[in-house]
Number of protein chains: 2
Amino acid sequence: MKPTIYDIAKVAGVSTATVSKVINNKGRISDRTKEKIYQIMDEMRYRPNVLASALKGKCTYQIALLIPDMDNPIYAQYLKHIEDRGQELGFSIVMCSTDNNPEKEAKHITLLRQKKVDGFIIASKFSNEELLSELLQDEVPVVLFAHERPEMAIDSVTVDDYWGGFMATEHLISLKHEKIGVIADDSISCRERIRGYTSALRSAGLSAEDNMIVITRSKMADAEIAAGTLLDLTDRPTAIFGCNDIMAIGVMQAARKRHLTVPDELSVIGFDNTQMCTIVVPELSSIAMPVHELGKKAIDMLIDKIERQANLKQNIKMPPQLVIRNSTSKKK
Amino acid sequence: MKPTIYDIAKVAGVSTATVSKVINNKGRISDRTKEKIYQIMDEMRYRPNVLASALKGKCTYQIALLIPDMDNPIYAQYLKHIEDRGQELGFSIVMCSTDNNPEKEAKHITLLRQKKVDGFIIASKFSNEELLSELLQDEVPVVLFAHERPEMAIDSVTVDDYWGGFMATEHLISLKHEKIGVIADDSISCRERIRGYTSALRSAGLSAEDNMIVITRSKMADAEIAAGTLLDLTDRPTAIFGCNDIMAIGVMQAARKRHLTVPDELSVIGFDNTQMCTIVVPELSSIAMPVHELGKKAIDMLIDKIERQANLKQNIKMPPQLVIRNSTSKKK
DNA sequence: TTGAAAGCGCTAACAT
DNA sequence: ATGTTAGCGCTTTCAA
């Protein structure tokens, strides 16, 4: 059997309370007994039972991460970096795939609250307002990741989507494009990216036309169809901003089917700067987010809330970066 | 406060033991009280505390999944399908990134054993023999995923790597290629794939030359370099089998840098059939594994072990499938 | 068919 | 500085 504090206490000739105090570094214990207890724990290969201490209200060192769509590599990146940082800090990540489905979101949340995870990082759209306010009300630590809720007094760490959209569009404009399309899904981030797009257009004195904006599901095939409607216009755009790399690649495929060369006849830019950018031909220009820092910040923020029960709302927004590759060029 | 069995018992006018029995469907309880208790639990929105019951030796409904490299989309696919099935069955997945690093593997395993996950699915190379036998000895439920250990009497669900390698090579041979290279990493699966490759060559009466086999790390850049050594040979291969899609794409990039057209001057085939296959140009032929079924089988097998303490070793091996796209063509 | 009670391993208030 | 003790919420033997 695995040793318990009782075993340690017995061997050390002290009470379990003392052992517990040593483990948690609490109360005042003489250096001598402390030393002794450490040694004994070592010898007996003692490992505290997390369950038991969690039952007493301590934390479980588990964090749930809700992610909408594992098919999009950017989410795998989120996971990777969040897990990395969690690992460093002794926190495990429980991965929850939601498919942007409110029911799945709810199911995961209730289940994992029962299982007493210490907090949630939500990278999913999370349309379920009710559940969210329930979490807030119950003071469950939550941080939104790459999905804001400005109206909701909830912590978040995001990339500046508006600015990203702006930069992407501005880059296209600097290449003399004047008719620029955009393909996006209906998420809040994409709305922001579109806002940046519109704003860039305006500040360049260009008009933002409604028919240049197409909203569809965030799947390559859907994006391809959406791009098709743009490209089949008699007055077609000479550049398209795909609101994430998946969609941008969908655009490239639509172009290829129509024998339009990228970038000569159509410039394309994406968002997320995933590995996919470097394997398509031509390589895809994109907007990079600092995934690593974002992930670290999110975990650190959450753990801070968990351990210090800190309750001040924070909204961290980090700047994205333009990465120019070969899918964008001067309008011919 | 959330209600406990005590609350339920009090309201129902029974003992906690009775409530517990109803919850677990154990012992004999009259239908009447059963009914009543169910109703009360419903009304009070009772949710059992998993921690407490786990402390008494029940399961935590948590499974750890060890994955080597989140940058390879195939692993995201594993995760996705395993999580899917887990979700259906009420099991949460704790995701552990190992980077094929034995220390990280060990760290995760010890940590999660402390946290009392019910079992492990190991999709990582897992070089740490010692730890593995420790797990076996302690009768911790483990199933190996897509990584076999024939010598080790441990459950596994894998794809038939040998057969996959055979099919890929045979396909190339059927296109009249005679000098076929292969790029692989040093994992067991890749060794099997190479065995299939060699065997296909032999059965076609072709010679398997050692200098046609290059082992390197499973990264695109490394594969590109490795492929370079093959392509720069005066007597270069006319086809290359990349032991996974990442590596195959590395091969394609090496070819592009040398102005060799795929498939006209070089046929390339991959393995895993990830989404990447359809976004590269030309689209990459590959070997598909039934990820969905594989994931389901792994979870089901593990849960079976957890719940029934079944202990018969099973090794499920599923057949892969050849997917022909445009990166492979008849030798010119 | 039901209940009393011990205990899983740990923590924390309260004593000493 | 250290110990006593009462739980955390649940399961399970044993008795009724």
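For the numbers below, each heavy atom of this structure counts, side chains included, while hydrogens, waters and symmetry mates do not. Here is the naming used below: chain letters follow the sequence lines, and residue numbers restart at 1 for every chain.
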The single option from B/Val140, B/Leu135, B/Thr98, B/Val142 passing side chain to side chain contact (heavy atoms under 4.5 Å, CB included) against B/Ile109 =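 Of all the options given, the one that passes is B/Leu135.
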Closer than 4.0 angstrom, basic N to acidic O: yes or no for [X] and [Y]?
X       : Y        : value
A/Glu43 : A/Arg45  : no
A/Arg85 : A/Glu83  : no
B/Glu88 : B/Lys296 : no

Using atom [atom1] of [X] as one end and atom [atom2] of [N] as the other, report the distance to the nearest whole Å.
X        : N      : atom1 : atom2 : value
A/Ile8   : C/dC10 : CD1   : C1'   : 13 Å
A/Lys116 : D/dC8  : NZ    : C1'   : 11 Å
B/Asn25  : C/dT2  : CG    : P     : 14 Å
A/Arg28  : C/dC14 : CZ    : P     : 17 Å
B/Leu55  : D/dG9  : CG    : P     : 12 Å
A/Leu51  : C/dG7  : CG    : C1'   : 15 Å
A/Lys10  : D/dT4  : NZ    : P     : 14 Å

Want to settle it: does B/Gly27 or A/Lys2 sit nearer the 5' end of DNA chain C, counting the closest nucleotide to each?
->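 First, find each residue's nearest nucleotide; the 5'-ward one identifies B/Gly27.
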Does the side chain of B/Gln39 pick up a donor-acceptor pair with the side chain of B/Glu35 at under 3.5 Å?
-> no
Where protein sits on nucleotides 10-16 of chain D, one letter per nucleotide: B base, S sugar-phosphate only, - none, heavy atoms under 4.0 Å | BBB----
Is any side-chain heavy atom of B/Ile299 less than 4.5 Å from a side-chain heavy atom of B/Ile93?
->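 Sidechains of B/Ile93 and B/Ile299: in contact.
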May I ask you to evaluate whether B/Thr33 reaches the phosphate of C/dT1, defined as a side-chain N or O under 4.0 Å from OP1 or OP2?
->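 The answer is no; no side-chain N or O of B/Thr33 sits under 4.0 Å from OP1 or OP2.
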